[in-house]
Undergrad: 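Sharing a structure with you now.
Lettering of chains follows the sequences in order, A, B, ..., and the numbering in each one begins at 1. Since we're looking at a predicted model, the values are computed, not measured.
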2 protein chains.
Amino acid sequence: MNEDEIEGRLREFEVICRRRGLPLTVQRRDILKAVLERDDHPSADQIHDAVKERIPGLSRTTVYRVLDTLVEMGVIRRLHHPGAIARFDGKIHRHHHLICRSCQHVIDIETKSFDTLKLAPSQRHGFEIEDFTVHFVGLCAECRRKMS
Amino acid sequence: MNEDEIEGRLREFEVICRRRGLPLTVQRRDILKAVLERDDHPSADQIHDAVKERIPGLSRTTVYRVLDTLVEMGVIRRLHHPGAIARFDGKIHRHHHLICRSCQHVIDIETKSFDTLKLAPSQRHGFEIEDFTVHFVGLCAECRRKMS
DNA sequence: CTCCGTGCAAAAGGTTTGCACTGGT
DNA sequence: ACCAGTGCAAACCTTTTGCACGGAG
C-alpha cells in the first residue's frame, strides 16, 4: 500500500474514532499503520516486533487488544490461514488467496471475475452475506520443485 | 454422514493403511470414525472427548498425532475457521462455508454451480491448484436478531 | 522380533485476563 | 477529573516434543 493510501486510511480511522468517542492513542495509530504498511499477512507478534521499534515499551497485550479493536471497527481483517496463528490484513476490499498445502505460503490475488459469485437465497440459511473469499489450495512452484 | 457411508470410508481407510504399511490401530479407526460421525467441524479436543468414552485411556497427544496422520493420508481435512483452533472435517469433497462474523458459527454448503470457478493461468503464480473453497462471511439469523 | 504408535509429563507457543497506573478527552 | 487504554505478570488453552512402554505387522 502506498504512502498516500496509508495516510488516507489513517485519517479515515481518526474519523471513526472521533465518531465513536474512542480515544485516539499512539499505540492504535502506529499498530494500524504497521498493518497497512505490510503486504504479507503479519501475525500479532510480527506487528509487535515492527511497532516496538517506534514505541519501545509496547506490550504484546496491547497489540492483541488493539488488533481486536481495529477488526471490530472494520479497518483491518482477521484471517485464518493455515498455521493456527491469527493473521491480520489491512486490505479490507475483496480479494482471494492461493495457499500452498505444503509450505502454507499464502499469496493474495484479486480476481475481479469472481465478483459475480452469488449464493442462491435457498443456500443462505438465513445469513446476511457481506462478502466472500475464495481459497485456492494447491502446491506452490517451490514445493513442487522440491518434490520432484 | 450415514452408517453405510461411514463403513465405506473406514474400509477405504484400512486399504490405504495396508497399502502404505501403516499399522491399523484401534485409536486411528475410532478417531476417524468420530470425525466422520459428526457434521460440525470438531476440534481436536472435541474428538478427544468423543473417543475417550470408547477408549478411556486415550491421550490428547494421540488424538493430535492421529489427526495429523489422517490429514496427511487425505482421509480428512484440516480447516482454519475463525476461533484460532484447528478444526477437522471428514468431508473431503469440495464444499463451501457460511461463516458468521459475530458468533463464528460455520455452516457447510454445497453449491455445485461454483464448480466452474477457475483461475486464469496468469493469476496462478506458479501454483498447481488442486481445489478451492469459498468462504462467505456475514451475519447469521440469530446474531442479526440479537443486534436489532 | 522389530518398529511404530501410544501415553504421560513437560515444554512451547499464542492469546487472554486481573490489576494498578497512565494518558486521552 | 473521569474513564478507557496500557503494561506487566500470570493464567489459559492448544499443540508439540522427549522418552519409555506396549501392541501391530
Side-chain angles (χ1 to χ4, degrees), chain A residues 10 13-32 34-35 41-73 75-76 78-88 104, chain B residues 10 13-32 34-35 41-73 75-76 78-88 104:
Chain A
L10 286 173
F13 166 68
E14 289 165 18
V15 171
I16 301 177
C17 279
R18 276 195 222 100
R19 195 188 309 147
R20 295 217 207 173
L22 289 174
L24 180 53
T25 64
V26 190
Q27 287 87 339
R28 281 183 181 154
R29 200 185 171 284
D30 282 2
I31 288 172
L32 173 55
V35 178
H41 303 153
S43 64
D45 224 51
Q46 290 173 311
I47 295 293
H48 180 245
D49 283 347
V51 181
K52 76 160 174 257
E53 289 173 18
R54 249 181 298 175
I55 310 177
L58 182 71
S59 92
R60 242 180 222 85
T61 314
T62 300
V63 175
Y64 281 104
R65 273 188 293 221
V66 169
L67 288 170
D68 276 350
T69 308
L70 297 177
V71 169
E72 200 270 325
M73 292 171 74
V75 296
I76 64 172
R78 184 191 303 275
L79 304 177
H80 300 279
H81 290 148
I85 307 170
R87 308 198 92 85
F88 298 86
Q104 319 231 322
Chain B
L10 286 173
F13 165 70
E14 290 165 17
V15 171
I16 302 176
C17 279
R18 277 194 221 100
R19 196 188 309 149
R20 295 218 207 172
L22 288 174
L24 180 54
T25 63
V26 191
Q27 287 88 340
R28 281 182 181 156
R29 200 185 171 282
D30 282 2
I31 288 172
L32 172 56
V35 177
H41 304 152
S43 64
D45 223 52
Q46 289 174 312
I47 296 294
H48 180 245
D49 282 348
V51 181
K52 77 158 176 260
E53 289 173 18
R54 250 181 297 177
I55 310 176
L58 182 72
S59 92
R60 242 179 222 85
T61 314
T62 301
V63 175
Y64 281 104
R65 273 188 292 223
V66 169
L67 287 171
D68 276 350
T69 308
L70 297 178
V71 169
E72 201 271 325
M73 292 171 76
V75 296
I76 65 171
R78 186 191 302 275
L79 304 177
H80 300 277
H81 288 149
I85 307 169
R87 308 199 91 86
F88 298 87
Q104 320 231 320

Undergrad: Using atom CG of B/L22 as one end and atom C1' of C/dC3 as the other, report the distance to the nearest whole Å.
TA: 12 Å
Undergrad: What is the distance, rounded to the nearest whole Å, between atom CG of B/L24 and atom P of C/dT6?
TA: 10 Å
Undergrad: OP1 or OP2 of D/dG23 versus the side-chain N and O atoms of B/Q27: is any pair under 4.0 Å?
TA: no
Undergrad: If I compare all heavy atoms of A/I31 with all of A/V63, which pair ends up nearest, and what's the gap?
TA: CD1-CA, 3.8 Å
Undergrad: Quick check: does any side chain N or O of A/R28 sit under 3.5 Å from a backbone N or O of A/P23, one acting as donor and the other as acceptor?
TA: yes
Undergrad: Check every atom of D/dA24, C/dT15, D/dT6 against the side chain of A/R28 and return the nucleotide holding the closest atom.
TA: D/dT6
Undergrad: Take the protein atom CZ of B/R18 and the nucleotide atom P of C/dC4, then report the distance between them rounded to whole Å.
TA: 20 Å
Undergrad: Considering residues at least two apart in sequence or located in another chain, which fulfil the side chain to side chain donor-acceptor pair (under 3.5 Å) criterion with B/E53?
TA: none
Undergrad: Check each residue of residues 58-68 of chain A for a non-hydrogen atom within less than 4.0 Å of any atom in DNA chain C, then write out the ones that pass by number, or none.
TA: A/T61, A/Y64, A/R65
Undergrad: For B/E14 and D/dA24, what is the distance between atoms CD and P respectively, to the nearest whole Å?
TA: 14 Å
Undergrad: Please tell me if the side chains of B/V35 and B/L67 come closer than 4.5 Å, counting only heavy atoms from C-beta onward.
TA: yes
Undergrad: Rounding to a whole Å, what distance do you find between B/R78:CZ and D/dT14:C1'?
TA: 12 Å
Undergrad: Rounded to whole angstrom units, what separation is found between the CD atom of B/Q46 and the P atom of D/dC13?
TA: 15 Å
Undergrad: What is the separation between atom CZ on A/F13 and atom C1' on C/dG24, rounded to the nearest whole Å?
TA: 13 Å
Undergrad: Atom CD1 of B/I55 and atom P of C/dT6: how far apart are they, to the nearest Å?
TA: 9 Å
Undergrad: Between B/R78 and B/D68, is any pair of side-chain heavy atoms under 4.5 Å apart?
TA: yes
Undergrad: Under a 4.5 Å cut-off applied to non-hydrogen side-chain atoms, are B/K52 and B/I55 in contact?
TA: no
Undergrad: Locate the shortest heavy-atom distance separating B/M73 from B/C17; write the atom from each residue and the value.
TA: CE-SG, 3.9 Å
Undergrad: So what does A/G57 touch, heavy atoms closer than 4.0 Å: a base, only the sugar-phosphate, or nothing?
TA: sugar-phosphate
